[in-house]
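Beneath this line is the structure, given in structure tokens, with notes to follow.
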Amino acid sequence: MQTFIVLLRGINVGGHNKLPMKDLVPLLKSNHYQDISTYIQTGNIVLSAKHNPEQDIKKLITLNFGFTPSVFVISVSDFSTAVANNPYQNFDGKLVHLYFCQAPIQLNLEKTQKWQSSTESYHIADNVFYLHAPDGIGRSKLVANIESCLGQAGTGRNLNTINKITMMLEDNK
């Protein structure tokens with residue numbers, strides 16, 4: 001068995017794509033996943049599986065909840081590398097966001113410069129986009145247009161959530 005971090009994108013947002021973790025966990029257990037931990041209702045899961053669970057989890061959610069979310073599966077090694085590469089670790093956790101993508105990021109600089117505010121800074125390492133947004137992301141034009149800048153879908157988590165997932169991984173050992 002191998003440990004994976006599973007990030008679900010676009011669930012439980014504004015009353016759409018409802019997926020209570022209390023309903024998902026027993027479903028995952030009945031499909032032979034082990035050591036399952038979740039954090040808040042936005043789809044942060046740590047679990048053990050024999051193989052990458054991306055397609056299986058998509059299928060389970062589609063069949064049981066009636067929609068298909070984007071599922072990002074990250075190995076412990078890749079997640080640890082992403083955490084270690086974060087240049088904004090010492091900033092307020094709610095002001096730092098990590099956007100995970102499926103493939104290495106080929107940033108559209110023209111769009112990024114168009115939408116980036118004067119206070120925002122970013123860093124890219126492989127398939128992770130790190131953003132420090134000291135004014136928050138609620139009104140950030142860069143965040144509102146992030147996928148067009150990244151050139152692909154991604155899912156973001158703030159540093160507080162990343163730190164909680166890191167603690168979940170420690171508890172899962």
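Computed from heavy atoms alone, side chains included, the values below leave out hydrogens, waters and symmetry copies.
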Restricting to side-chain hydrogen bond (donor to acceptor under 3.5 Å, both in side chains), what partner residues turn up for Thr3, sequence neighbours left out? none
Which side chain to side chain donor-acceptor pair (under 3.5 Å) pairs, counting each pair once, include a residue from residues 90-107, with sequence neighbours left out? none
Under the side-chain contact (heavy atoms from CB on, under 4.5 Å) test, which residues partner Lys58, sequence neighbours left out? Glu54, Gln55, Thr68, Val71
Give every residue pair that meets the side chain to side chain donor-acceptor pair (under 3.5 Å) criterion with at least one member in residues 142-155, sequence neighbours excluded. Arg9-Glu147, Thr155-Arg157
As an exercise, state the distance from CD1 of Ile165 to CG of Asn160, rounded to the nearest 0.5 Å. 11.0 Å
Under the salt bridge (charged side-chain N to carboxylate O under 4.0 Å, His left out) rule, collect the residues that match up with Lys59, sequence neighbours excluded. none
For residues 23-33, pull every pair meeting side chain to side chain donor-acceptor pair (under 3.5 Å), keeping only residues two or more places apart or in separate chains. Tyr33-Asp56
Which residues pass the side-chain hydrogen bond (donor to acceptor under 3.5 Å, both in side chains) test with Thr161, sequence neighbours left out? Asn158
Between Ser37 and Asp35: side-chain donor-acceptor atoms closer than 3.5 Å: no
Sequence neighbours excluded, which residues qualify as side-chain hydrogen bond (donor to acceptor under 3.5 Å, both in side chains) partners of Ser121? Tyr88
Checking Met167 now: which residues fulfil side-chain contact (heavy atoms from CB on, under 4.5 Å) with it, not counting sequence neighbours? Lys164
I need the full list of ring pair (Phe, Tyr, Trp, His ring centres under 6.0 Å) pairs touching residues 46-82, with sequence neighbours left out, sorted by first then second residue. none
Sequence neighbours excluded - side chain to side chain donor-acceptor pair (under 3.5 Å) pairs with any residue from residues 126-138: Thr119-Asp135
With sequence neighbours excluded, residues passing side-chain hydrogen bond (donor to acceptor under 3.5 Å, both in side chains) with Ser70: none
